[in-house]
Chemist: 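Take this structure, written in structure tokens, and hold onto it; I'll ask about it next.
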Amino acid sequence: MRYVHQNRCIKEKVLEFYEQVYEIVRMVPKGRVTTYGAVARALGMIRSSRLVGTAMILTHGPELGVPAHRVVNRDGLLTGKHHYDTPTHMQELLEADGIVIVEDQVQNFAKVFWDPLVEL
DNA sequence: TACCTGACTATTT
DNA sequence: AAAATAGCCAGGT
């Protein structure tokens, strides 16, 4: 019993983390991008960048207002593109935002990078 | 319990 | 400077 109870507590903590991730990602302005690591760092969980990616996967099902396509890896690469309907969907969403992408690489990355720690 | 797998990063070759 | 290695942590088998 205690095992189950404990497990549930852990799960709630994770879900809480996901919610915080969504809060931040929702703030990313159109035309800018941020990174998994930057979001994790902004939440004081610098070692949990992988979890930010996991949280992004969960945004596909229900209609949350989370622009997950604006989160890329620390080099400005579209590492999450394989989780969309088509291999180009993520790129198209970003291009609709006004971002230029060449071979999965965000151009002018330093300029469009939006750091939650700095901007908030 | 043990081992594998990732929308990750930082460090070391 | 590219590639390999090594931490990371929640989930799944």
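Convention: sequence-line order gives letters A, B, ...; per-chain numbering from 1.
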Chemist: Do side-chain atoms of A:Arg70 reach the backbone of A:Val28 as a donor and acceptor pair under 3.5 angstrom?
Modeler: yes
Chemist: Quick check: does any side chain N or O of A:Thr54 sit under 3.5 Å from a backbone N or O of A:Arg50, one acting as donor and the other as acceptor?
Modeler: yes
Chemist: Can you tabulate the close N/O pairs, meaning under 3.5 Å, that link protein atoms to atoms of nucleotides 2-4 of chain C?
Modeler:
none

Chemist: Could you check whether any side-chain N or O of A:Thr34 sits under 3.5 Å from a backbone N or O of A:Trp114, counting only pairs where one atom can act as donor and the other as acceptor?
Modeler: yes
Chemist: Treating primed atoms plus P, OP1 and OP2 as sugar-phosphate and everything else as base, which nucleotides of nucleotides 5-11 of chain B get B, S or - for protein heavy atoms under 4.0 Å?
Modeler: -BBBSS-
Chemist: Nearest 0.5 Å, please: how far is CG in A:Asp115 from CZ in A:Arg32?
Modeler: 10.0 Å
Chemist: Can you tell me which residue pairs pass the salt bridge (Lys or Arg N to Asp or Glu O under 4.0 Å) test with a partner in residues 71-93 of chain A, sequence neighbours excluded?
Modeler: A:Lys81-A:Asp104
Chemist: Could you check which residues of residues 108-117 of chain A get a heavy atom under 4.0 Å from DNA chain B? Sort them by number, please.
Modeler: none
Chemist: Taking the ring centre of each residue, are A:Tyr84 and A:His60 less than 6.0 Å apart?
Modeler: yes
Chemist: Going by the rule ring pair (Phe, Tyr, Trp, His ring centres under 6.0 Å), which residues pair with A:Phe113 if we only count those two or more places apart in sequence or in a different chain?
Modeler: A:Phe109
Chemist: Please determine whether side chain to side chain donor-acceptor pair (under 3.5 Å) holds for the pair A:Glu95 and A:Gln91, giving the CA-CA distance in whole Å, both sets of side-chain angles, and the decisive distance to 0.1 Å.
Modeler: CA-CA 6 Å; A:Glu95 288 172 337; A:Gln91 173 169 345; 2.9 Å; yes
Chemist: Holding to ring pair (Phe, Tyr, Trp, His ring centres under 6.0 Å), I want the full list of residues that pass it with A:His83, two or more places apart in sequence or in another chain.
Modeler: none
Chemist: Looking at A:Asp97 and A:Ile99, would you say the former's side chain and the latter's main chain have a donor-acceptor pair under 3.5 Å?
Modeler: no
